[in-house]
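Model, not experiment: these values are computed from the prediction.
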Amino acid sequence: MMDLYYKSTRNSDLKVTASEAILTGLAPNGGLFVPEQVPKLDVTLNELKGMSYQETAYCVMKQFLTDFTEEELKGCIQKAYDSKFDTEEIVSLVKVDNTYYLELFHGATIAFKDMALSILPHLLTTSARKNKVSNEIIILTATSGDTGKAALAGFADVKGTRIIVFYPKNGVSRVQELQMVTQKGNNVDVVAIHGNFDNAQSGVKAMFEDKELGRELADKGYQFSSANSINIGRLVPQVVYYVYAYAKLLEHGEIEENELIDIVVPTGNFGNILAAYYAKLMGIPIGKLICASNENKVLFDFFQTGVYDKNRDFVLTTSPSMDILISSNLERLIYLIAGEDSNRTRLLMEELKNGGRYEISEDMKAKLKDFSGGYASEAETAEEISKVYGKTGYVLDTHTAVASHVCRKTCEDGRKCVIASTASPYKFVKSVMTAIDKSNENKDEFALFETMSEVSKTQMPQAIKDILGADIIHKKECDADKMKETVKSILG
């Protein structure tokens, strides 16, 4: 197998191995690491359909992580995808009516972030050994709700690492916040910032780009890395479940070999839908990639107009993990449609940073034909939850409901459609149960867990049981412009 190297979206001259890209997280000039080319699968669709999730993961990830040995990569996969998932399949593909929901929430923190953040700590520590890194690795992460807990759970007490998570105070669900602030571990810190997710994400990126801070950390024996989807070690594992979903449809006789399917993804930071695009480029027969937005519809507007403009009101919605106006991973797609012109990409990202907007050219717009967008208002999201439950008894979380609404509006007639179901409805119990029955609006959120169990005919997940009555450990808060000082204080 040929070695695959990674370039920066803002400097194509920079070339690193997969393990170096994972270790660094963000390229030195603020760019994101991308593979020199998206590799093709070296197995047939027929061969894929009989594979377990772990076997599929190896088939996909070995193509991207070429400097990992077979033993190293298989070891990371086996440690990640084990009994911490509540289904032996790891993910479930559930047919509801004529739609397929790819349930990505069967991990320890009941959200899709577990799919990548269960393996990232193992990829990172393996990368550190491969590159003879002796510094303590500081995982610096911003979260809109789900990444934080999944990263904390993944890195808790992992030797040689420390993790600091920033989340927007009052910008995540109560369950999401409790999952984070009750997290145990000698190497974990959680900080609520006074601001929104974009403030948290911008603050984290600024610290990665701060050369003086980097030198100061190195002098103390530390170095930064990221658990956000800006890290290629987060993105690559996400490609796996789209490959697996197609193979399962084939195995169960739901599609013919090479039949096109559409994929609908509730989208905020653009990493999850970009992973589906990578699966398509690897050779999976995917037709349209449909980007579903909530009322923070900056991505929908971009696909409609070619203009990315974050200069708008930030809306707090019932799907908080999508409450994002700066979609970091879109930069990787911009780089591809710019003909892998890193200078052109860098200039557009500078326009976004300085003026809050950019516009792509007509030739770039023409390369977006694989993508389309849609969005759901708050009322439409609640209506979708109610409608699907009333018709089928299946309970959607708020994010999946956004995608489900968009799916019905935009999917190609007659084409099978897979919706990325990104979180358990238990994680947003108040919003979900109120959508199903308005009388739940004034009930205590925690009292609704039992009601949801009865309504959905599912057992309450262990992740919910764990936070009931758990002690709040993390109480730090800071202003958005004091994140660097907070990190320095935590690290002493």
**Student:** Sub-3.5 Å donor-acceptor pair from the side chain of Gln183 to the main-chain atoms of Lys149, do we have one?
**Tutor:** no
**Student:** Please list every donor-acceptor pair under 3.5 Å in which a side-chain atom of residues 234-244 meets a protein atom from a residue at least two apart or in another chain.
**Tutor:**
residue	atom	partner	partner atom	Å
Arg234	NH1	Ala227	O	2.7
Gln238	NE2	Tyr241	OH	3.1
Gln238	NE2	Asn272	OD1	3.4
Tyr241	OH	Asn272	OD1	2.5
Tyr242	OH	Asn272	O	3.1
Tyr242	OH	Asn272	OD1	2.9

**Student:** Is Lys169 salt-bridged to Glu177, going by a charged N under 4.0 Å from an acidic O?
**Tutor:** yes
**Student:** Does a donor on one side chain and an acceptor on the other come within less than 3.5 Å for Ser453 and Gln459?
**Tutor:** no
**Student:** Under the side-chain contact (heavy atoms from CB on, under 4.5 Å) test, which residues partner Gln78, sequence neighbours left out?
**Tutor:** Gln54
**Student:** Can any side-chain N or O of Asp262 pair as donor or acceptor with the backbone N or O of Lys288 at less than 3.5 Å?
**Tutor:** yes
**Student:** Does Asp114 pair with Lys84 as a salt bridge, N-O distance under 4.0 Å?
**Tutor:** no
**Student:** Distance only, no hydrogens: is a donor on one side chain within 3.5 Å (strictly under) of an acceptor on the other, for Ser431 and Thr318?
**Tutor:** no
**Student:** Can you sort out the partners of Phe300 under ring pair (Phe, Tyr, Trp, His ring centres under 6.0 Å), two or more places apart, ordered by chain and number?
**Tutor:** Tyr375
**Student:** Can you check whether Asp301's main-chain N or O pairs, donor with acceptor, with Gln304's side chain at less than 3.5 Å?
**Tutor:** no
**Student:** So does Val402 get a backbone contact from the side chain of Glu380, meaning a donor-acceptor N/O pair under 3.5 Å?
**Tutor:** no
**Student:** Please report the C-alpha distance between His399 and Phe428 in whole Å, then the side-chain angles of each, then the deciding distance to 0.1 Å, and finally whether the ring pair (Phe, Tyr, Trp, His ring centres under 6.0 Å) criterion is met.
**Tutor:** CA-CA 9 Å; His399 304 72; Phe428 306 94; 4.6 Å; yes
**Student:** Step through the shown structure and confirm whether more than 12 heavy atoms of other residues, nucleotides or ligands are within 6.0 Å of NZ on Lys184.
**Tutor:** no
**Student:** Hey, is NZ on Lys365 packed in by over 12 heavy atoms from elsewhere, all under 6.0 Å?
**Tutor:** yes
**Student:** If you take all heavy atoms of Phe64 and Ala18, which pair is closest and at what distance?
**Tutor:** O-CB, 3.9 Å
**Student:** Minimum heavy-atom separation for Thr161 and Asn187, please, with both atom names.
**Tutor:** O-ND2, 3.1 Å
**Student:** Has the side chain of Asp397 got a donor or acceptor atom that lies under 3.5 Å from a matching backbone atom of Val432?
**Tutor:** no
**Student:** Do Asn329 and Ser229 have side-chain atoms, one donor and one acceptor, less than 3.5 Å apart?
**Tutor:** yes
**Student:** If the threshold is 4.0 Å, N to carboxylate O, is there a salt bridge linking Glu254 and Lys416?
**Tutor:** no
**Student:** Can you measure from CG (Asn440) to CD (Glu445) and round to the nearest 0.5 angstrom?
**Tutor:** 11.5 Å
**Student:** Who pairs with Tyr426 by ring pair (Phe, Tyr, Trp, His ring centres under 6.0 Å), at least two apart in sequence or on another chain?
**Tutor:** none
**Student:** Does this structure show an ion pair linking Asp370 with Lys280, if we count only N-O contacts that are shorter than 4.0 Å?
**Tutor:** yes
**Student:** Measure the NZ-CD1 distance between Lys248 and Ile255 for me, rounded to the nearest 0.5 Å.
**Tutor:** 12.0 Å
**Student:** Under a 3.5 Å threshold, yes or no: a donor from one side chain and an acceptor from the other, between Gln176 and Asp146?
**Tutor:** yes
**Student:** Measure the shortest side-chain to side-chain distance between Val388 and Ser404 over non-hydrogen atoms and say whether it is less than 4.5 angstrom.
**Tutor:** yes
**Student:** Suppose we screen for side-chain hydrogen bond (donor to acceptor under 3.5 Å, both in side chains). Which residues come up paired with Glu88, at least two apart in sequence or across chains?
**Tutor:** none
**Student:** Give a yes or no on this: more than 12 heavy atoms of other residues, nucleotides or ligands lie within 6.0 Å of atom CG of Asn311.
**Tutor:** yes
**Student:** Taking atom types as modelled and ignoring hydrogens, do the side chains of Asp323 and Asn294 form a donor-acceptor contact shorter than 3.5 angstrom?
**Tutor:** yes
**Student:** Which residue pairs satisfy the ring-ring contact (aromatic ring centres under 6.0 Å, His included) criterion with at least one member in residues 301-333, sequence neighbours excluded?
**Tutor:** Phe303-Phe371, Tyr308-Tyr358
